Amino acid sequence: MGERGLLDVLLLQDYNTALVVLGTTTLGVAAGVCGTLLLLRKRSLLGDVVSHATLPGVVAAFLVMQACGGTGKSLPGLLLGATVTGLLAAWLVPVLRRASGLKDDAIMGVVLGSSFGLGIALLGIALNLPSGNQAGLEGFIFGKTASMVRVDALIIGLGAAVVIAMTLALAKDFRLLCFDEQFAASIGRPVALLDAVLMMLAVAVIVIGLQAVGLILMIALLIIPAAAARFWTDGFIATMCWAGGIGAVSGWMGSTISAMHADLPAGAVIVLVTGCCFALSMACGRRHGLTQRWWRGMALRRRVERQHLLRAMLECGSPGTHVALNQLHANRRWRASALQRELRRAVRSGELDVHPEGWVLTPLGEVGARRVVRNHRLWELFLIHHADIAPSHVDRDADLIEHVLDAELVAELEALLDPGEALPSSPHPLERRAP
Amino acid sequence: MSLDYDTLVVLVACVAAMACALPGVFLVVRGMGLMGDAISHAVLPGIAVGFLISGTRDSVWMFAGAAIAGILVAMLTQVLHRIANVDRGAAMGTAFTVFFALGLVLMVQLADTVNIDPHTVLYGALELTPLDTVAIFGMHLPRAMGPICVVLACSIVTIAVLWKELRIACFDPALAQTLGMRPELMHQIVMVLTAATCVACFEAVGSVMTVTFIVAPAATALLLSRSLSVVVGIALVLGVITAIAGHWAALHVPELFLGEGFDTSSSGAMAFVSGVVFVMALLCAPRRGVIARRLALRRLVFDVAIEDALGLIYRLEESNVEQTANQIPQLLARDVRVGPRRVQRVLSTLTRRGLAVVEHGVWSLTHEGHAAAAGLVRAHRLWETYLAATVDVPASHLHTAAERLEHVTTEALAKKLADATGDAAIDPHGRAIPPESE
Amino acid sequence: MPRGGEHDDAAPLSIHDLTVAWHRKPVLWDVDLDIPQGKLACIVGPNGAGKSTLLKACLDLVPAVSGEVRVFGQPYRKQHARVGYVPQRESVDWSFPVSALDVVAMGTYRRLGWCKPVGRSQREQAMEALERVGLEAFAHRQISQLSGGQQQRVFLARALVQDADLYLMDEPFASVDAATEQAIVDVLRALRDQGRTVVVVHHDLQTVTEYFDWTVLLNMRVVAAGPVGDAFTAEHLRATYGGRLTLLEQAASALGQLASGTTRSSNG
């Protein structure tokens, strides 16, 4: 395959390229959906063990088919072998863990290493055979996307369809299994069977991906889209959809890029694209992305600062009087620069007016200040009357909590304490507080 | 003096296995065995970048690049886990696969200029190491042994110097923190050692084999001992055994199936052998092994059946009821719920040990048998008295409870029981408690 | 007291000579008790007394070495429909991507069967249950955004959706605020008044007499069981918490080995 124009590839002009791109995209969807289950069941790395363990299966199947007189090149036969040893490894890990009492990672390391070692040893034998049919076997290790043919794409399509259909059909039960295994068992769901089905789905995805991505990097396609999806959403099905989408984009873009640059290994490029998607999600994810979290933290800090300022303004003087800087400093221990900045911001948002002799609350600011003070004192009252806390300790607790009060909670507090419309008076003398 | 080819291969593998086993023990004890997996995959881009910078294959640059990449992936895993709240396994899987993919792409780009096959990265080129030797003190040793020996020496020195700190940091990080031992720093040191080992070993045995050498000997050693110094020793020995046995298997096992002249990858065989050794240790470990535990359990169950038989005969004798022929085997089968074959074995053991004699199907206790049975019945009735006094158990349930407890009552425990019940002479059912035997 | 070998077949929960071992160490030992119909019962005992294990053994979540549990006269596996379970709050990962409503709807899964998705009627039932515990406003919140008390109430709502006759609850009052505690007690009383039986693992001795009308004092074995007035006495509490069972504990680990040995030999 030589260098092609971007447009040719994107429009799937070439039949072979179209196969490759369609195949890897479908694989990406299936891996994303199934990987979400693995991730939420906290079994991500078991997938790595399984994918390494497919190698002895592939080579053993080749050797058996050769011994039976065939060429050993039948793809379904090789993949069947991979499935058998993959499932064996998935079964062996919990069995060995229970028998040995060692930690999970040690067992996974032993099974991964020794099964892959067996694969390499068998491969060494196969490569020594005189027949010459064994040339393609090493392709399973790093994948050989470009040489994908119709039957490969069909196997991927069929496998992906089965995996996605099974996952969607059992979505509700998988959700229960991953979230609360004990409850699932208590309502009579066969937890061990569901786990076995989950592992079978994972093995299926890994096996159909061997040709395209290779067994070393297949785990990336299972784990990374699922982990990336968690930054975007908080729903179970939504996570699966996001992961499937990210997997699809990675498969599509990765195979497209490698189709344009024939010397790049497609599997590795797909994984790199997936990695970029992950980095992007981690940075910008709408629910848990780092930018989001940083922004939310900033907003909360600012709101708290502003509320402290408004409350201090109200406590320092009755509405309409001017409050000087030293009065504010007397009310609360501010950092001078932070106070100045917050005052400027409050003026800009129209909550304070600045005068030569100090600041004064605008009507808008007064409403806000009253609300804050009211919340604060409601909490103080609640804590005094209902939580047996000495009044001297009340202020700090209320200080922290007042900023995050919901409207419902305020209503609840009001109903409980019934202070009427007016501001409840402070239950403790107003004095200087620590910030 | 020159060593033959196979000896050199085994020598390289032995040194690599020992170098891996040392940091491996500390990783596995901390439950981070797969970190070895991550690091050994992640060194690939470091090697490529090192090559890009220096332009040669044997250089400090490649070594440094690989070590930095290894440490980076460990740190990235931590960052993803701690800061981005990604599940630990997923964080590791994300970090090292991306690194490996990057390394693979770089390697392929460099393929024309540097002679590194991506497959070599995975399972090494152990067979080629004896071809490139250097003479040291008149011995022609493989050049690849050099860095491995250096790393091994570094590991030995580090572990010897920081032994106490590393041990506490592994078993009880919280305690180490309070003692000012800085478990995080110890952890980082282990990570650095692991990264250096992975880099030094990858050329000889490849990354997947490195993982196996890191995890398997340590895991196997933990099955055999729980003392850290012994575990380190066993892991080193197991590494050597695995290397030798693996190479032998690679040379000779394929011959069994395919005839003369067939052999296979030594490093692959070594990795597989290490798994086999693990399973063998799991089955055959002297005390904690599956087989040993099964056997001990069977012996225990058999001892209990013997004690039950003794108690049965004692109680019959005590009640002065005339024993009919073959009544004891029948009762034994019914009350103690053992199968007919076991009944025969239990009874013949009784006579063989001189605890009971049989005449015309009627069993009676010998002097020794009587003493043993009295001790049992004493324990049984003391338990009944104790339980009746301390917990609210219906009278009908006392017997089944005491039935089980009597078998696990040591003399010291019986003495405490007697004290707790005020040396009672009568049990809650009104039967006499046999006095303590001399 | 219905103890002493005679068991009432209609009792919501009757436990016969139950022994449970954990890593060879018996956690529960010859537990034998009946919980009568329509009671609000609590299980109290020191840490490590096997309270949670008792519930789990009743639900077949941990294997019993010997003995059996009957729910309304039948083994539990035939009575899934009549039992609701509230696990400990710490037993699940609350960062899991589901909403409060999703969690509550899990209570309908058994009736819903396999492969059928959660439909509108299930969602309505879940919403109703959330209203009963006062969380309707939080239905669509992701569960990590709920406070500890609210999370506990979500679990309670899930049990309510199960519409069971016997409820087993593992520490529903653990680290919840006073308001949540009151809300939970109100729900439990309402259940009891409908004739359902509620068994609660409880750790706060102060509130036993106020909240419950039946109690089981447990420390590896049942020290006392019965109406709160009879069983919840200073003497029984001393026996439960006072460490008078030290000799039993000394025998315990050897006993566990024996127990696992006898079950294995009777199996094979």
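Computed over heavy atoms, backbone and side chain alike; hydrogens, waters and symmetry mates excluded. Computed from a prediction, not measured in an experiment: that's the story for all the values here. First the proteins, then the strands, lettered A, B, ... as listed; each starts at 1.
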Any idea which heavy atoms bring [X] and [Y] closest together, and the distance?
X	Y	value
A/Ile223	B/Gly93	CD1-CA, 3.8 Å
B/Ala271	A/Gly117	CB-CA, 3.7 Å
A/Ile120	B/Ser265	CG2-OG, 3.4 Å
B/Ala269	A/Ala121	N-CB, 4.0 Å
B/Gly275	A/Val110	CA-CG1, 4.2 Å
A/Leu39	B/Asp87	CD1-CB, 4.2 Å

Can you tell which of [options] has the highest number of heavy-atom pairs within less than 4.5 Å of chain A?
options	value
B/Gly24, B/Gly31, B/Gly206, B/Ala216	B/Gly31
B/Asp37, B/Val105, B/Val211	B/Val105
B/Ala219, B/Ala281, B/Gly268	B/Gly268
B/Leu283, B/Thr210, B/Leu104	B/Leu104
B/Val273, B/Val290, B/Val215	B/Val215

Margin query: So B/Phe262 and A/Leu129, do their side chains get closer than 4.5 Å, heavy atoms only?
Written below: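 Side chain of A/Leu129 against side chain of B/Phe262, heavy atoms only: contact under 4.5 Å found.
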Euclidean distance, [Y] [atom2] relative to [X] [atom1], rounded to 0.5 Å:
X	Y	atom1	atom2	value
A/Ile219	B/His41	CD1	NE2	11.0 Å
B/Thr94	A/Ile224	OG1	CD1	4.5 Å
A/Asp105	B/Met32	CG	CE	8.0 Å
A/Phe116	B/Ser267	CZ	OG	9.5 Å
A/Phe278	B/Thr97	CZ	OG1	10.0 Å
B/Leu223	A/Leu102	CG	CG	5.0 Å

Side chain from CB out, backbone as N, CA, C, O: work out which of these in [X] comes under 4.5 Å of a heavy atom of chain B, or both, or neither.
X	answer
A/Ile107	side chain
A/Ile125	both
A/Leu118	both
A/Ser114	both
A/Ala227	side chain
A/Arg43	neither

Exercise for the section: Return yes if some donor-acceptor pair links the side-chain N/O of A/Lys103 with the main-chain N/O of B/Val29 below 3.5 Å, else return no. Expected result: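 Yes: the side chain of A/Lys103 pairs with the backbone of B/Val29.
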ask   = Where the side chain of A/Asn128 meets the backbone of B/Asp263, is there a donor-acceptor pair that is under 3.5 Å apart?
value =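 Checked: pair present.
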Structural part of [X] lying under 4.5 Å from a heavy atom of chain A:
X	result
B/Met35	neither
B/Leu102	both
B/Leu80	side chain
B/Ala250	neither

**Request:** Take A/His288 and B/Asn85 through the test side-chain contact (heavy atoms from CB on, under 4.5 Å) and record every step on the way to the result.
**Result:** CA-CA 9 Å; A/His288 302 283; B/Asn85 295 329; over 6 Å; no
Q) Are there more than 12 heavy atoms of other residues, nucleotides or ligands under 6.0 Å from atom CZ of B/Arg226? A)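 More than 12 within 6.0 Å, yes.
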As an exercise: rank [options] by heavy-atom pairs under 4.5 Å with chain B and give me the winner.
options	answer
A/Gly101, A/Ala99, A/Gly275, A/Gly119	A/Ala99
A/Leu264, A/Val269, A/Ile216, A/Thr274	A/Ile216
A/Lys42, A/Glu138, A/Arg230	A/Glu138

Open item on the list: Pair A/Asp48, B/Phe96 - check side-chain contact (heavy atoms from CB on, under 4.5 Å), show working.
Closed with: CA-CA 11 Å; A/Asp48 199 23; B/Phe96 88 78; 3.4 Å; yes
>> With side-chain contact (heavy atoms from CB on, under 4.5 Å) as the criterion, how do B/Leu282 and A/Leu96 come out once you've worked through the C-alpha distance, each side chain's angles and the decisive distance to 0.1 Å?
In response: CA-CA 8 Å; B/Leu282 187 58; A/Leu96 287 181; 3.4 Å; yes
*asked:* Applying side-chain contact (heavy atoms from CB on, under 4.5 Å) to B/Val98 and A/Leu272, what does each step give before you reach the verdict?
replied: CA-CA 6 Å; B/Val98 169; A/Leu272 283 182; 4.2 Å; yes
